[in-house]
Amino acid sequence: MNLWHPDTRVVAGGRPPRVPGSPVSPPIVPTSTYQADGPVGYARHGNPSVADVEAVIGDLEGGRALTFSSGMAAAAAILDDLPLGTRVLTGEVTYNGVYQRMGELAQRGIITVQRTDLTADPSDVLASLTGPVDLLWCETPSNPLVEVIDVPALVAALRPVSALRVVVDSTLGGPLRQQPLTWGADVVLHSATKALAGHSDVLLGALIVPAGESGDATWAAISRRRVLSGGMPSPFDAWLTLRGMRTLALRTDRMEQTAQILTARLRADPRVMRVRYPGFGSVLAIEPRTDGAGADALVNALRLWWNATSLGGVESLAERRRRWPDEPAAVPEALIRLSVGIEHPADLWSDLDQALTVAVPR
Ligand SMILES: Cc1ncc(COP(=O)(O)O)c(C=O)c1O
């Protein structure tokens with residue numbers, strides 16, 4: 001099966017055995033318990049519908065996947081298990097939930113967190129270190145600043161001086177554009193709530209570890225965390241995620257093409273001061289020439305785009321991130337994150353154009 005392209009494997013994987021009369025699509029198996037003496041005894045330990053989606057996510061990432069009830073539950077399976085005194089190195093701005101959770105653990109004296117610009121030259125990152133690092137947490141592209149970290153270069157610079165473990169939150173990049181295990185990551189994280197599930201109707205998270213022996217210890221630790229924290233996703237959400245993933249390749253291509261078209265238009269538009277877009281993916285961030293209130297007026301003037309949080313769904317969303325009081329202050333007040341969906345690019349542009357006119361009068 002690995003001889004096939006990822007676009008094919010995302011369609012062909014996680015299906016029932018090919019025997020006469022078999023259903024082509026996998027069933028949903030809602031059960032909380034099982035007849036004794038089988039491979040799984042209780043649903044907090046495992047479920048066939050969950051295993052189906054894990055098989056496909058693991059295959060796309062080139063490792064083994066475990067799924068969780070949300071991306072944050074997946075992040076917590078790592079963060080909440082860190083030994084006392086773990087020194088974490090991470091970016092200045094990461095996804096707000098992870099940012100907050102790390103802050104809480106640091107405040108309680110469990111971990112220390114050094115936040116630095118991980119997009120800088122690795123030698124500058126190295127020079128900025130205040131001490132050894134146990135865990136490097138990279139989010140690339142980052143949310144909401146859409147900045148890209150050169151993870152292989154950073155890992156090559158840091159590993160000789162620190163016996164560090166590397167986690168890459170690959171939610172914005174997605175498995176069809178980047179495979180962080182090939183960069184030396186020990187764990188890859190996805191909020192499958194976003195582009196993997198793709199239809200804004202599911203909460204699901206995933207952790208992927210290397211398939212070989214090197215992933216065994218992490219696998220055992222995160223499996224145990226999932227059982228003990230009750231982080232299993234529901235069979236229905238797992239099934240819906242796999243259902244959504246069948247079109248991942250089509251959605252990824254379409255959304256990225258439209259994001260590129262919109263980026264070009266926005267970059268040429270005098271009403272917009274700055275457009276952040278890494279050249280791939282479906283998420284960009286704009287800073288219109290206005291303040292926070294003006295940016296609020298802009299998102300409220302949209303008729304096709306929804307003024308809503310989240311990203312990676314088929315419908316386009318726009319959000320002024322600083323509307324959340326605990327969003328890191330390094331995020332500009334008027335920054336609007338755009339998650340580009342699969343609608344016609346011309347309709348998305350004309351809606352943005354009219355809303356920009358409302359917020360930034362010519
Ligand atoms: C980059 C990133 N990581 C993790 C998460 C958390 O995922 P969830 O909302 O599924 O808990 C999000 C959610 O927005 C995210 O954008």
Side-chain angles (χ1 to χ4, degrees), residues 50 53 57 61 65-80 88 90-104 115 118-119 137-149 151 167-175 177-178 180 185 187-208 222 225-226 229-234 236-238 240-241 244-245 255 276 278 280-285 306 308-313 315 317-324 326-328 330-331 335-340:
V50 171
V53 73
I57 295 174
E61 288 289 355
L66 268 187
T67 53
F68 292 81
S69 53
S70 67
M72 275 312 292
I78 303 169
L79 292 174
D80 293 358
V88 178
T90 190
E92 277 163 346
V93 179
T94 46
Y95 165 64
N96 193 10
V98 170
Y99 189 94
Q100 300 297 330
R101 187 69 190 128
M102 282 186 187
E104 282 181 359
R115 297 186 187 284
L118 297 180
T119 67
W137 187 289
C138 299
E139 191 178 284
T140 185
S142 63
N143 181 8
L145 299 182
V146 242
E147 289 177 338
V148 172
I149 300 169
V151 178
V167 176
V168 176
D169 185 335
S170 194
T171 300
L172 267 70
R177 291 293 181 269
Q178 58 188 37
V187 187
V188 180
L189 187 151
H190 278 289
S191 168
T193 308
K194 309 293 190 288
L196 289 180
H199 295 73
S200 306
D201 49 13
V202 170
L203 271 183
L204 198 108
L207 295 179
I208 305 98
I222 59 180
R225 213 36 43 227
R226 185 174 73 169
S229 68
M232 277 291 288
S234 84
F236 185 57
D237 283 349
L240 260 185
T241 301
M245 280 177 65
M255 288 154 74
R276 298 163 190 257
F280 68 99
S282 60
V283 179
L284 53 141
W306 286 74
T309 197
S310 203
L311 51 97
E315 62 291 296
L317 307 179
E319 182 187 35
R320 183 174 81 83
R321 285 299 301 177
R322 287 291 294 280
R323 79 182 168 106
W324 301 98
D326 55 8
E327 185 73 357
V331 175
L335 180 135
I336 297 172
R337 186 184 64 201
L338 299 177
S339 172
V340 177

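Order of listing sets the numbers, starting from 1, for every ligand and every atom in it. In this text the structure is predicted, and so the values were computed from the model without any measurement.
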Asks: At what distance is the nearest protein heavy atom to atom 6 (C) of ligand 1, and which residue and atom is it?
Replies: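 Heavy-atom neighbour on the protein nearest atom 6 (C) of ligand 1: Tyr95 CE2, 3.4 Å.
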Asks: Heavy-atom contacts with Lys194 under 4.0 Å: which atoms of ligand 1 show up? List them by number with element.
Replies: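 Under 4.0 Å from Lys194, ligand 1 has these atoms: 9 (O), 12 (C), 13 (C), 14 (O).
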Asks: Measuring only between side-chain heavy atoms, which start at C-beta, is Glu147 closer than 4.5 Å to Val93?
Replies: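 No; the side chains remain at least 4.5 Å from each other.
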Asks: Any salt bridge between Arg322 and Glu327, counting N to O under 4.0 Å?
Replies: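 No, no charged N to carboxylate O under 4.0 Å.
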Asks: Relative to atom 10 (O) of ligand 1, which among Thr171, Thr193, Thr94 owns the nearest non-hydrogen atom?
Replies: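 Going through Thr171, Thr193, Thr94 one by one, Thr193 has the nearest heavy atom to atom 10 (O) of ligand 1.
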Asks: Nearest protein heavy atom to atom 7 (O) of ligand 1, by residue and atom, and its distance?
Replies: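 Checking every protein heavy atom, the shortest distance to atom 7 (O) of ligand 1 gives Ser191 OG, 3.0 Å.
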Asks: Could you check whether Gln178 and Ser170, counting side-chain N and O atoms only, form a donor-acceptor pair closer than 3.5 Å?
Replies: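 Note: Ser170 and Gln178 side chains meet the donor-acceptor criterion.
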Asks: Among all protein non-hydrogen atoms, which one is nearest to atom 8 (P) of ligand 1, and what is the separation to 0.1 Å?
Replies: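 For atom 8 (P) of ligand 1, the nearest protein heavy atom comes out as Gly71 N, 3.3 Å.
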Asks: Taking N or O atoms only and a 3.5 Å limit, does Met72 qualify as a polar contact for ligand 1?
Replies: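 Min N/O separation from ligand 1 is below 3.5 Å for Met72.
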Asks: With side chains defined as the heavy atoms from C-beta onward, is the minimum distance between Glu319 and Leu311 less than 4.5 Å?
Replies: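 The answer is no; the side chains never approach within 4.5 Å.
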Asks: Can you find an N or O of Leu203 that's nearer than 3.5 Å to an N or O of ligand 1?
Replies: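 No, there is no polar N/O contact under 3.5 Å.
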Asks: With a 4.5 Å cut-off on side-chain heavy atoms, are Arg225 and Phe68 touching?
Replies: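 Phe68 does not reach Arg225 side chain to side chain.
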Asks: Counting from 1, what ligand 1 atoms have a heavy atom of Asp169 closer than 4.0 Å?
Replies: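 Atoms satisfying the 4.0 Å criterion: 1 (C), 2 (C), 3 (N), 4 (C).
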Asks: Please determine which of Thr309, Leu145, Val146 meets the side chain to side chain contact (heavy atoms under 4.5 Å, CB included) test together with Arg337.
Replies: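 Single pass found, and it is Thr309.
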Asks: Only heavy atoms of Asn143, strictly under 4.0 Å: list the atoms of ligand 1 that pass.
Replies: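 Near Asn143, the atoms of ligand 1 are 15 (C), 16 (O).
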